[in-house]
Amino acid sequence: MCIVAAGVSQVPASMALTAPVGPLWHLDRINQATAPLDGNSALGPLTGQGIDIYVVDTGIRPTHEQVVGRVLPGIDIPTDSGSSKVSPVTSDCDGHGTHVAGLAAGSTVGVAPQARLIAVRVLDCNGDGEVADVVSALQWVRAHHRSGVTAVVNLSFGVDLGDDGTSIDREVQALIDEGVVVTVASGNGDAAGRPIDACKIAPGDVPDALTVGAIGSADLVSYYSNNGPCVDLYAPGGDRLRGLESAWKDSDTDYEFDVGTSMASPLVAGYAALLAQQQPGLCATTISQAIVDRSTKGVIAGMTADSFNRLLFVDTAPITSTAPGEASHVMITTDAQSIVASWDPPCDGGSALTTTKVSLLSNGKVVKRTNLPAGTNAVRFTGLTLGKKYQVVIKASNAIGEGIATSRITTMPVRRIFAGQSIDPSLLGSLTSDLPLIWSVSQTSKKICRLQTAPFRLVALRKGTCRVGLRGIKGQDAVIRSLRID
Ligand SMILES: [Ca+2]
Ligand SMILES: [Ca+2]
């Protein structure tokens, strides 16, 4: 099923533009509450340095003067599948992604001029793509981003919910749960260009995503912008009178005007990167809420009655710290009559983690509990009852208070591993996510244990330490576990 980039049209594509001089209206507008433009487009001292913005789009021209030196090639699904190749990978044969990247983090046309841009190419040279490819790309982002450091993902495209958009929604929610701020274009109307309810479009309907509508240069809601209660806020996206000028694909000094909610969304992504730079452990939902709270209310004309009248306002005051979020990717293994649990630390809420409490429960009662210092993200519980399933709960704290506890995670039956056994790996390890665990055996352990396919088994060859690598997503750094074979 097709998804489509949320750009309306280039204005006009044949016009060769040079680097903009003077304040750009899209930046000028978002540093002041009310019109008219004051000719000042400065956004303050924050630059987004150290923060990653994933641009899931048509790719990025990595050598463009607006972004050069700050673009990391992420993943390129149309090239990998052979459906629409570009060279080098993740470069941009459409222009949309380069434009979006420039607005998020271009050195003079963008909001976060020193953020790193990660090109995640899912759309082809016409700006079209497939739902399944977007799902794969978002899983790759889940695997790639560093836990505990806020990252930003911009999605300037949409798909009708009925066209399997819910599978994209699930991945977007998973990203947010793992501490990633997700900005989404609200979309540019139906096939005839008439605005519709953004709640009917994925992934703009995901409540925890920041869904962005567009205004024109006169604070009038753009004629194409989808609307309704799923639009969290509006930002400059342009109209027939005025587009947004940003980088384009054809040369390192190529610029173009473009119009759409695609252009409004990356401005919010850039702002999120500024806030994340200032407080790198903030929870994604805290940043998103601050962006909504700080928007200017009631200045946009032409709104539908069911839309929130909120316009992006870049206010870089620090955000009040909160208790930590919830640990993710909890991995459990069993060997030697024990359980090992490890996890990715949660967002710290803007105040450093102090301790992590891990509880082991049996029949609903806590049987063991340990308080770990900050930075320790794994624990082994020993001397457990063979054959028994336990439950694990993890909860981090900071100076503000206790964070969100994980749900009770049921372990596999506790066991020992004996030489000569051939064991279904799902009885030895599990991961709390919708992703199956991918196993590998360390080179140094080949004489101790090996993996066998059809049926999939871990074969314990002899006594010793079987070092395995476990990951949730192909390409992710493996978690190394040492399983004892008795
Ligand atoms: Ca201004
Ligand atoms: Ca929302």
Side-chain angles (χ1 to χ4, degrees), residues 143-144 146-148 327-345 355-362 367-394 396 406 408-433 435-486:
H144 185 266
R146 291 170 293 160
S147 64
S328 60
H329 290 132
V330 182
M331 193 179 284
I332 307 248
T333 52
T334 182
D335 68 327
Q337 212 169 326
S338 63
I339 292 285
V340 175
S342 64
W343 55 91
D344 286 350
T355 58
T356 303
K357 184 162 72 183
V358 187
S359 307
L360 190 72
L361 294 85
S362 170
V367 292
K368 288 175 188 277
R369 175 167 280 166
T370 180
N371 270 303
L372 303 169
T376 301
N377 299 310
V379 64
R380 181 184 282 270
F381 292 108
T382 57
L384 305 179
T385 305
L386 283 172
K388 192 174 177 61
K389 291 182 178 181
Y390 292 81
Q391 292 176 312
V392 173
V393 177
I394 298 160
T406 62
R408 291 182 178 184
I409 301 151
T410 301
T411 72
M412 63 289 295
V414 169
R415 68 180 301 146
R416 294 173 69 185
I417 307 170
F418 292 101
Q421 283 184 327
S422 161
I423 306 164
D424 177 352
S426 69
L427 297 173
L428 296 175
S430 69
L431 179 65
T432 54
S433 77
L435 305 163
L437 207 49
I438 301 168
W439 287 70
S440 59
V441 166
S442 153
Q443 279 297 337
T444 56
S445 294
K446 295 271 168 174
K447 288 181 179 163
I448 308 293
C449 57
R450 66 181 175 85
L451 288 167
Q452 167 193 298
T453 50
F456 183 45
R457 293 285 185 269
L458 183 82
V459 183
L461 299 168
R462 63 176 72 172
K463 271 189 176 186
T465 301
C466 169
R467 280 167 62 83
V468 293
L470 303 173
R471 43 169 72 83
I473 300 173
K474 217 174 128 188
Q476 193 172 29
D477 287 344
V479 171
I480 304 297
R481 285 286 169 82
S482 297
L483 301 176
R484 194 181 88 194
I485 297 175
D486 295 318

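Side chains included, hydrogens not; waters and symmetry mates left out as well; all remaining heavy atoms used.
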If I compare all heavy atoms of [X] with all of [Y], which pair ends up nearest, and what's the gap?
X    : Y    : result
I485 : C449 : CD1-CB, 4.1 Å
H329 : T432 : C-OG1, 3.8 Å
K463 : I448 : O-CD1, 3.8 Å
F381 : S338 : O-CB, 3.0 Å
S440 : L451 : CA-CD1, 3.7 Å
A327 : T406 : O-CG2, 3.7 Å

Quick check for you: to the nearest 0.5 Å, what is the distance between [X] atom [atom1] and [Y] atom [atom2]?
X    : Y    : atom1 : atom2 : answer
I394 : T356 : CD1   : OG1   : 8.5 Å
K446 : C466 : NZ    : SG    : 10.0 Å
S362 : K368 : OG    : NZ    : 11.5 Å

* To do: Please check if atom NZ in K389 has more than 12 non-hydrogen atoms from other residues, nucleotides or ligands closer than 6.0 Å.
  => no
- Query: Is the number of heavy atoms from other residues, nucleotides or ligands under 6.0 Å of R457 CZ greater than 12?
  - Reply: yes
Sorted by chain and residue number, the side-chain contact (heavy atoms from CB on, under 4.5 Å) partners of L461 (sequence neighbours excluded) come out as R450, V459
Not counting sequence neighbours, which residues clear side-chain contact (heavy atoms from CB on, under 4.5 Å) with V340? List them please.
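Here the qualifying residues are T333, R380, R481.
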Residues at least two apart in sequence or cross-chain that pass side chain to side chain donor-acceptor pair (under 3.5 Å) with S442, listed by chain then number, are T444
ask   = Are any side-chain N or O atoms of D344 and backbone N or O atoms of S328, one a donor and one an acceptor, separated by less than 3.5 Å?
value =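 Not at all, since once roles are kept as given, no pair shorter than 3.5 Å links the two residues.
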With a cut-off of 3.5 Å and sequence neighbours excluded, list every side-chain donor-acceptor pair involving residues 422-431.
unit_1, atom_1, unit_2, atom_2, d
D424, OD1, S426, N, 3.0
D424, OD1, S426, OG, 3.0
D424, OD2, S426, OG, 3.1

With a cut-off of 3.5 Å and sequence neighbours excluded, list every side-chain donor-acceptor pair involving residues 409-419.
unit_1, atom_1, unit_2, atom_2, d
T410, OG1, Q391, NE2, 3.4
T411, OG1, Y390, N, 2.9
T411, OG1, Y390, O, 3.3
R416, NE, D486, OD2, 3.1

| Quick one: salt bridge (Lys or Arg N to Asp or Glu O under 4.0 Å) partners of K357, sequence neighbours excluded? |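 Per chain and number, K357 pairs via salt bridge (Lys or Arg N to Asp or Glu O under 4.0 Å) with E402.
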Q. What do the steps show when you test V479 against W343 for side chain to side chain contact (heavy atoms under 4.5 Å, CB included), and what is the final call?
A. CA-CA 10 Å; V479 171; W343 55 91; over 6 Å; no
